[in-house]
Amino acid sequence: MPHLELVRADHADALLAFELENREYFAASIPDRGDDYFAEFAARHAQLLQWQVEGTDFFHVLVTDTGRIAGRVNLVEVADGSAELGYRIAQNHAGQGLATAAVAEIRKLAATTYGLTTLRAKATLDNPASHKVLERNGFVATGERVLNGKPAVTYLCELG
Ligand SMILES: CC(C)(COP(=O)(O)OP(=O)(O)OC[C@H]1O[C@@H](n2cnc3c(N)ncnc32)[C@H](O)[C@@H]1OP(=O)(O)O)[C@@H](O)C(=O)NCCC(=O)NCCS
């Protein structure tokens, strides 16, 4: 089964390939990262590593048994025992339960390794797969808001 690894410098090439291969697929559900993201990937990767050192964000890759990156699971805006959860799974691994399993794993890491007590998340209403992933992992809807111009639901998960 794929497992989560904290993002390292040597993940950069595989991560860029993952983002390029799935760019169109992701853009159907969430905003495209934009051309600058790809053009400045190396500098951005270095910035992610720096934020990890500072403890404000923890980025993870979901690595298959063959060493390929199948997804990303991130904890961002870490503060006061809480973080915002984000994730994306490669198109060629969709519908295999990977997001559900990866969010279950990050829940454990959040409580143990990172000492967090709550996770926040949000998903637009037109992304039913993401709602399913969150609700299966104990996230409870807390409200509604507009996200990227679309109606969305906010979620909270109490860890422990
Ligand atoms: C959302 C996403 C992470 C789900 O990843 P995944 O690994 O395919 O998810 P899982 O296989 O764990 O579970 C998805 C569930 O949603 C269901 N699902 C998928 N599309 C659906 C749809 N259109 N309507 C209803 N359910 C749907 C799947 O059938 C599955 O449920 P099942 O196991 O009962 O069959 C993935 O589609 C993705 O990366 N999308 C682009 C980025 C994104 O949207 N990130 C989340 C932002 S909030």
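In each ligand, atom 1 is the first atom listed, and ligand 1 is the first ligand listed.
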Problem set entry | Pairs flagged by salt bridge (charged side-chain N to carboxylate O under 4.0 Å, His left out) wherever residues 125-153 is involved - sequence neighbours left out |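 Qualifying pairs: Asp126-Lys150.
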Exercise. Any Lys/Arg nitrogen of Asp36 or Arg44 sitting under 4.0 Å from an Asp/Glu carboxylate oxygen of the other?
Worked result: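 Looking at Arg44 together with Asp36, the answer is no, because their closest N to O distance does not fall below 4.0 Å.
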For this session: Examine distances only and state if a side-chain atom of Thr154 and a backbone atom of Gly143 form a donor-acceptor pair shorter than 3.5 Å.
Result: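 Indeed, once roles are kept as given, a pair shorter than 3.5 Å links the two residues.
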Exercise. Between His45 and Phe41, what is the ring plane arrangement, given parallel below 30°, perpendicular above 60°, and tilted in between?
Worked result: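 Taking Phe41 first and then His45, their aromatic rings lie parallel (interplane angle under 30°).
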For this session: Would you please classify the geometry between the Phe139 ring and the Tyr155 ring as parallel, tilted or perpendicular, with 30° and 60° separating the classes?
Result: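 Tyr155 and Phe139: perpendicular rings.
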Exercise. Does the separation of the ring centres of Tyr25 and His93 fall below 6.0 angstrom?
Worked result: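 No - the distance between ring centres of Tyr25 and His93 does not fall below the 6.0 Å cut-off.
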Exercise. Ligand 1: which residues have a non-hydrogen atom closer than 4.0 Å?
Worked result: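 Close residues (ligand 1, cut-off 4.0 Å): Tyr25, Phe26, Ser29, Ile30, Tyr87, Arg88, Ile89, Ala94, Gly95, Gln96, Gly97, Leu98, Ala99, Thr100, Lys122, Ala123, Asn127, Pro128, Ala129, Ser130, Lys132, Val133, Arg136.
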